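Everything on this sheet refers to the single structure shown next.
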Amino acid sequence: MYEGPIQDLIDELAKQPGLGPKGAQRIAFHLLAVESKDIDRLIAALARVRDDVTYCAECGNVSANALCRICSDARRDATKICVVEEPKDVHAIERTKEFNGRYHVLGGALDPLSGIGPDQLRIRELLKRLATQEDGNDVTEVIVATDPNTEGEATATYLLRMLKDFPGLSVTRLASGLPMGGDLEFADELTLGRALSGRRILA
């Protein structure tokens, strides 16, 4: 245990995902050694995240504006929507350069044991988005790109049930190539790109 502010910093850092006490201690002492202007930049960046980052009103991705850059881009194919669990998954798919449609971020996956059901996810917003078709372009394909684990598969199955009655809509799932039990954000570009281009029809 250290005294005062340094221990407080270690405690706060250790609460972050992927950081244990040792990693938090290493970062805390690194910050202690850097110049004041570096700490000021870090504080300013954290303040901007707290004050300026919001969620896109259309897809739920993180954004600095009411609409994210993808939903605002008229060049994107509005007939295809890729459904992902988290904003970080949007970035993972964008890295492949294989997809030029739009996204819908659910905000997680179905996990009844943790109390996460359909009402805790942005599934209702997806259904409403498909029903209204405000931009005049009918969505013809929904790509279900949830993680290839138990929760992701349960979410994909639930979405298929919800979407199967939409006329003219095909529901596809990312193809093989992604390891079961893995997360999209850790897949390399080649594997994820092949999975995306080889997606299969569910309905």
Side-chain angles (χ1 to χ4, degrees), residues 15-18 49-50 53-72 76-96 99 101-135 137-175 178-187 192 195-196 199-203:
K15 294 176 185 176
Q16 308 313 309
V49 167
R50 180 194 62 204
V53 174
T54 185
Y55 292 93
C56 176
E58 180 77 7
C59 72
N61 194 13
V62 290
S63 176
N65 302 299
L67 288 180
C68 70
R69 63 174 179 80
I70 293 173
C71 288
S72 302
R76 304 288 298 213
D77 184 354
T79 67
K80 292 179 173 58
I81 294 178
C82 183
V83 179
V84 297
E85 293 179 20
E86 304 286 352
K88 64 189 179 202
D89 300 328
V90 172
H91 178 67
I93 290 177
E94 283 295 286
R95 283 195 334 249
T96 71
F99 181 66
R102 296 187 177 172
Y103 293 91
H104 189 86
V105 181
L106 295 173
L110 293 175
D111 187 1
L113 294 177
S114 299
I116 302 174
D119 291 340
Q120 281 70 51
L121 303 178
R122 297 185 70 256
I123 294 174
R124 189 181 295 109
E125 289 84 349
L126 174 63
L127 299 177
K128 183 179 178 183
R129 189 174 170 188
L130 291 171
T132 55
Q133 305 286 320
E134 292 175 0
D135 54 12
N137 294 311
D138 287 343
V139 176
T140 58
E141 181 183 12
V142 170
I143 304 164
V144 180
T146 51
D147 289 337
N149 55 27
T150 305
E151 294 81 9
E153 290 299 323
T155 306
T157 302
Y158 182 84
L159 287 174
L160 173 58
R161 277 208 323 269
M162 294 292 102
L163 300 174
K164 66 181 180 180
D165 293 330
F166 278 86
L169 180 69
S170 69
V171 183
T172 59
R173 180 88 167 106
L174 291 187
L178 294 171
M180 288 300 293
D183 292 333
L184 284 179
E185 66 173 316
F186 300 121
L192 191 54
L196 190 61
R199 60 189 180 270
R200 56 190 168 85
I201 294 176
L202 295 180

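All of these numbers come straight from a predicted model, not from anything done at the bench. Residues: numbered from 1 along the sequence shown.
Counting heavy atoms from C-beta outward, Tyr158 and Ile123 have side chains that approach closer than 4.5 Å. When side chains are defined from C-beta on, Asp138 does not count as touching Thr79, because their heavy atoms never get closer than 4.5 Å. Put simply, the side chain of Leu127 reaches to within 4.5 Å of the side chain of Leu163, judged on heavy atoms. The closest side-chain heavy-atom distance from Arg199 to Val144 is not below 4.5 Å. No side-chain heavy atom of Val105 sits under 4.5 Å from any side-chain heavy atom of Tyr55. Within the 4.5 Å cutoff, the side chain of Pro118 has heavy atoms near those of the Leu110 side chain. Side-chain contact check for Cys59 versus Arg129: some heavy-atom pair is nearer than 4.5 Å.
Closest heavy-atom contact between Ala156 and Thr146: CB-OG1, 3.9 Å. The heavy-atom pair separating Ser72 from Leu67 by the smallest distance is OG-CB, 3.4 Å.
To the nearest 0.5 Å, the span separating CD1 on Ile81 from CD on Glu58 amounts to 7.5 Å. To the nearest 0.5 Å, atom CZ of residue Arg122 and atom CG of residue Leu126 are 8.5 Å apart. Atoms CZ and CG, from Arg124 and Asp119 in turn, are 5.0 Å apart once rounded to the nearest 0.5 Å. If you take CD1 on Ile70 and CZ on Phe99, they are separated by 9.0 Å, rounding to the nearest 0.5 Å.
Asn65 and Ser63 share no donor-acceptor pair across their side chains, judged by distance under 3.5 Å alone.
Under the rule for a salt bridge (Lys or Arg N to Asp or Glu O under 4.0 Å), Glu125 has no partner lying at least two apart in sequence or in another chain. When the salt bridge (Lys or Arg N to Asp or Glu O under 4.0 Å) test is applied to Arg69, no partner is found at least two apart in sequence or on another chain.
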Does Asp147 form a side-chain contact (heavy atoms from CB on, under 4.5 Å) with Thr155? I'd like the steps, not just the answer.
CA-CA 9 Å; Asp147 289 337; Thr155 306; over 6 Å; no
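Residue pairs meeting the side chain to side chain donor-acceptor pair (under 3.5 Å) criterion with at least one member in residues 84-93, sequence neighbours excluded: Lys88-Glu185.
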